[in-house]
Engineer: 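Quick one: this structure, given as C-alpha cells, is what I'll be asking you about.
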Amino acid sequence: MQAWPGSAYPLGATFDGSGTNFALFSEGADKVELCLFDEDGAESRVPLIDVDAFVWHAYLPGVGPGQRYGYRVHGSNDPTEGQRFNPNKLLLDPYAKAVDGQIEWGQSVFGYDFGDPDSRNDEDSAAAMMKGVVVNPFFDWDGDRRPKTPYAESFIYETHVKGMTRLHPDIPEEIRGTYGAMAHPAVVEHLKKLGVTAVELMPVHQFVNDSTLQDKGLSNYWGYNTIAFFAPQNTYAATGQRGQQVQEFKSMVKALHAEGIEVILDVVYNHTAEGNHLGPTLSMRGIDNAAYYRLEANDKRYYTDYTGTGNSLNVGDPHTLQLIMDSLRYWVLEMHVDGFRFDLAATLAREFYDVDRLSTFFELVQQDPVVSQVKLIAEPWDIGPGGYQVGNFPPQWTEWNGKYRDTVRDFWRGEPQALGEFASRLTGSADLYEHSGRRPVASINFVTAHDGFTLRDLVSYNEKHNDANGEDGRDGESHNRSWNCGVEGPTDDPEVRTLRARQQRNFLATLLLSQGVPMLSHGDELGRTQQGNNNGYAQDNELTWIHWDAVDQPLVEFTAALSRLRREHPAFRRSRFFDGRPVRREEGAPLPDIAWLRPDGSLMQPEDWESGFGRAIGVFLNGDGIRERDTRGQEVRDQHFVILFNAGAEPVDFSFPDVAIAQEWEILVDTEGKRAGSGLVAPAEGLTLAARSLVVLTEHHGVQPEIDHSVAASLAAHVADETERAARAETPVAPASDAVALDTAPDADTGAEPDAGTGAESGAGTGPESDAAESDAAESDTGTGAARVAAPAPEQPADSGTSDFGTADPVGPESGKPRYGK
C-alpha cells in the first residue's frame, strides 16, 4: 500500500477528501505499525517510518471513511520500569473518532498469562479487539447555533441516552436507546414541558463493558469506563458503527439546539478502562504506559489510583494534557456540545500528589479560547487524600455541590442540624464560592444524581438494596441520608404513601426555588424507582430504565409548574449573592433584600441559627432587592415572595412579616396539596403550615391588565382615540357641577385577563392518585400540591424610611448564621 510521509498533526486519523493522515504519539516506542482491516478481517500492516517530536505518522491516499484500523507498537517490555510494549497486542488509537465492535474477553487481550502476573503473553489480540474507524468529518449543520443559556437561567437534566428512551412507547422500537431517540419529539416535548434548558448526558465517550461484569451476567450501564475520548459510544447508535454514530450524534445535538436545549457531556478523563496492573492491554498501556498513566514511584509495575478504578491518567505529562484538551476542543468545535461535567475532577488537579487548583490542566482550560467559553462543571472530589474539594475550584468553574445535597436531605428527613447551614445552601452557598469571586451559579444544586437513590427511593428506603449487583451488598453508599417515612420499600399504607409523595414535592420545591443552578436526575419527576438499588452502574435493564407506562403524572405537572415559577421570576435565580442591605422604597420603610423569619414573624436571632432542633423557618425575598441588570441594562424587579418551611413532625403556626409589604398574600405552592390557589391570606390571619411541608406566597396586587403591544392592537387604539377626539369636538362642555359622561369607542383589545389570584392552574394535583399496585410505582396522593404561577407584579418604586425588619447584616459562617455574600 502506498504511504506518504504525512503530518505529525493533527493526531489520530484525519480524512481530507482524498486520503487519510494517521498520527500516533509514543515517546518510548522503537517501531510503530499501522494496521488496516478489510471487511473480512484480513490485516494489512503499514510501518510508520516518519517521526517528529515522538509522533509517528503517514498519509495514505485513497483511504477514507469506514476504514477500520489499529496500531502495533514495538518497544521494551519491562513493567518494573513502567514499559509494557507488546506488538502482539492490537491497540486502539486514543484519538479514534469512531469505534467498531466490542472487546471479546479472553487471554489474548492481556499482556500476561492468567495466574502469573509477572509473565509475558504473546497471543495476538486483533480478532478480539475493537477497532478505530476513519470518519467523514463533513456534516451539514445548517446554521446550527448554540443556545448559550446563562447559568442563572439554566435548568439541567442529568440523563442516560439508553435509560431515558429504551422503554418509551412513542419512540419507534428500532431507535429506542439511541442518540436518535434522545432527539425524538416525544423526549423533546417532555423536556420542554419541564422547562429543561440543558441535558447532561451520562458518559457517551466510547467505553468498555467490563469482563468481570459480563461473567456475572451484568454489563457496564453507566459508562464510566472510557477507552476512546473522541468517539461517541457505538452501542447508542441506531444507524451503524462505521462512522454513522458520529453523524447520528451530531444530528441529535442539532435537533436539541433547535429547541433551545443545550447538550452537556459527562466526561471521564481521570482514568481509562485498562484498569490496574492486572488489566487488559487495549490502548494507552501498550502505546506509552509511562506517559499516559500515573505509576508508583517506588515500583512502576503498579498504578497510582485516585479514582477507585485501578489507574489514574497522568495529567502531569504534556502529551496526556494535550490528549484531554484536543478531545475537549473536538467535542465543542466538531460535535457542537455546550459544556462538560468532569467526573472526579479533583484527580485532574493532582499534578504530583496534592490537589492543586492552579494545576496545569486548569491553566490550559483558562487560556483556551474554545474550551473556556463553554459550561465547565466539576465533580469536585476523588477518593485520594484531600480529594473532597467542594468550593475550591477556579473562578470560571461551577461545581456539583455535594454539601447542598447533604444539607437538604438532612433538613427534610428531620436530622438535627444548624439552620444556618440550610439557609446558606438555599441562598447559593456564598460560604463556599464568594471567596473565589464566584457567584450563586457556581453551585450546581442537586438532591439526587445517577450515583445513589432515585428521589422516590430516597423517601422509601432507609437502607440500600443492591443484591442484584452480585457484590453481597458491599457496593454503593451506605450513608444515604434517606428516610423511608416509616416503612421500608413498597407499601399500601395510605398515610405513608401520602407522606412520601409530599416529601418528594418538598425536595423538588426546595431544589427549584434555591439560588444556584438546579439539576434534576432523570425520572425523579416521574416517580422512577430502582427498588432501593443505589448503585445501578451494572444494571443495564428495566431496573434502571425509565418506565414511561408508570409515570406519576401529578408529580410531573408539579415539577413543570415549579420550573415555570422559577423561569418567570428572577427572585429565584439571582446571579449575585444577597447582601442583607436595606432597599430604599418610595413609600414605606426600607426592606432588606432578604430576611429570615421565625414562625412568629420576627427576625431570626443569632441563637436561633445555632439551634440544632429548629425545623421551621421562613424567608422573605425582596423583589425590589435584585441588584442586577438585564441584558439591555435595565434594572431587574420582581414580586416579593415568602417561603415557609416546616420539616417537623407537627403543624406550625406562622405569622406574617410587616403588613406594609403586602395587604394580602397569595399561596402559589403548597406541598401538602390543599391550599395552592385556594384564595388570599391576610397578614393578620397567619397561616398554619402542615407537618413536613413547604408553602410559597407572593404579594397580591389584584387584576393587572396585560397590555397588548401588537400592531393590530396599536391600530385599534389609534382608531379609538381618533373617534373619541371627534366625539369630544362635537359635544358641548357641561358645567363642572353637572358633568356629562362621554361614551367612548369600544375597548381596543387591552389584553385584560382574569385576576392572577384565580388564574389557570398548572394541572398538578387535579389527577387521580398514581398507583402501580404491587410495584408501588407512583406514590402520589390525590391533589399533589399544585404550584401556580402568578402574573408578574408591576415595577416597584424605590424609597426611604425604616422597617420592622431592621437589617439582616451578612455574617461569617463562624457565627452559625447564613452568609449571604455580596
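These numbers come from a predicted model, not from an experiment. Positions are given from 1 along the sequence.
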Engineer: Is the centre of the His271 ring less than 6.0 Å from the centre of the Tyr303 ring?
Structural biologist: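 Centroid separation for His271 and Tyr303: 6.0 Å or greater.
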Engineer: Under 3.5 Å, is there a donor-acceptor pair between the side chain of Gln366 and the main chain of Pro395?
Structural biologist: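 Checked: no pair found.
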Engineer: Please give me the minimum heavy-atom distance between Pro94 and Tyr292, naming the atom from each residue.
Structural biologist: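 Nearest pair, atom of Pro94 first, then Tyr292: CG-OH, 4.2 Å.
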Engineer: Would you give me the side-chain donor-acceptor pairs under 3.5 Å for residues 200-209, sequence neighbours excluded?
Structural biologist:
unit_1 : atom_1 : unit_2 : atom_2 : d
His205 : NE2    : Phe229 : O      : 3.4
His205 : NE2    : Trp331 : NE1    : 3.1
Gln206 : OE1    : Asn234 : N      : 3.0
Gln206 : NE2    : Gln233 : OE1    : 3.2
Gln206 : NE2    : Asn234 : OD1    : 3.2
Asn209 : OD1    : Asn220 : N      : 2.7

Engineer: Asp326 and Arg329: salt bridge (charged side-chain N to carboxylate O under 4.0 Å, His left out), yes or no, with the steps?
Structural biologist: CA-CA 5 Å; Asp326 284 349; Arg329 279 190 293 270; 2.7 Å; yes
Engineer: Describe, in one word, how the ring planes of Trp381 and Tyr388 are oriented to each other, choosing from parallel (under 30°), tilted (30 to 60°) and perpendicular (over 60°).
Structural biologist: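 Trp381 and Tyr388: parallel rings.
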Engineer: Once the angle between the rings of Phe342 and Tyr269 is folded into 0 to 90°, is it parallel (under 30°), tilted (30 to 60°) or perpendicular (over 60°)?
Structural biologist: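 The arrangement is tilted - the two ring planes meet at 30° to 60°.
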Engineer: Is the distance between the ring centroids of Tyr224 and His450 less than 6.0 Å?
Structural biologist: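 Yes, the ring centres sit under 6.0 Å apart.
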Engineer: Check this for me: does any side-chain nitrogen of one of Glu43 and Arg72 sit under 4.0 Å from a carboxylate oxygen of the other?
Structural biologist: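 Yes, this pair counts.
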Engineer: Which word best sums up how the rings of Phe110 and Phe114 line up, parallel for under 30°, tilted for 30 to 60°, or perpendicular for over 60°?
Structural biologist: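 Rings of Phe110 and Phe114: perpendicular, as their planes differ by over 60°.
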Engineer: Could you tell me if the ring centre of Phe453 sits under 6.0 Å from that of His465?
Structural biologist: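 Aromatic pair excluded; centres sit 6.0 Å or further apart.
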Engineer: Between Arg242 and Asp100, does any side-chain N to carboxylate O distance fall below 4.0 Å?
Structural biologist: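 Salt bridge between Arg242 and Asp100, a charged N being under 4.0 Å from a carboxylate O: yes.
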Engineer: According to ring pair (Phe, Tyr, Trp, His ring centres under 6.0 Å), does anything in residues 74-97 pair up with another residue at least two apart or in another chain? List the pairs.
Structural biologist: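 Every ring pair (Phe, Tyr, Trp, His ring centres under 6.0 Å) pair that includes a residue of residues 74-97, provided the two are not neighbours, is Tyr95-Phe230.
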Engineer: With a 6.0 Å cut-off on ring centres, are Phe22 and Tyr71 close enough?
Structural biologist: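 No; Tyr71 has its ring centre 6.0 Å or more from that of Phe22.
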Engineer: If you look at every heavy atom in Thr14 and Pro10, which pair is closest and at what distance?
Structural biologist: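 For Thr14 versus Pro10, the nearest heavy atoms are OG1-CG, 3.4 Å.
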Engineer: Taking the basic N atoms (NZ, or NE/NH1/NH2) and the acidic carboxylate oxygens, is any pair closer than 4.0 Å for Glu477 and Lys464?
Structural biologist: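 Judged by the 4.0 Å cut-off on N to carboxylate O distance, Glu477 and Lys464 do not form a salt bridge.
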Engineer: Determine the minimum heavy-atom distance between Ile324 and Phe361, stating which atoms define it.
Structural biologist: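 Heavy atoms of Ile324 and Phe361 come nearest at CG2-CE1, 3.7 Å.
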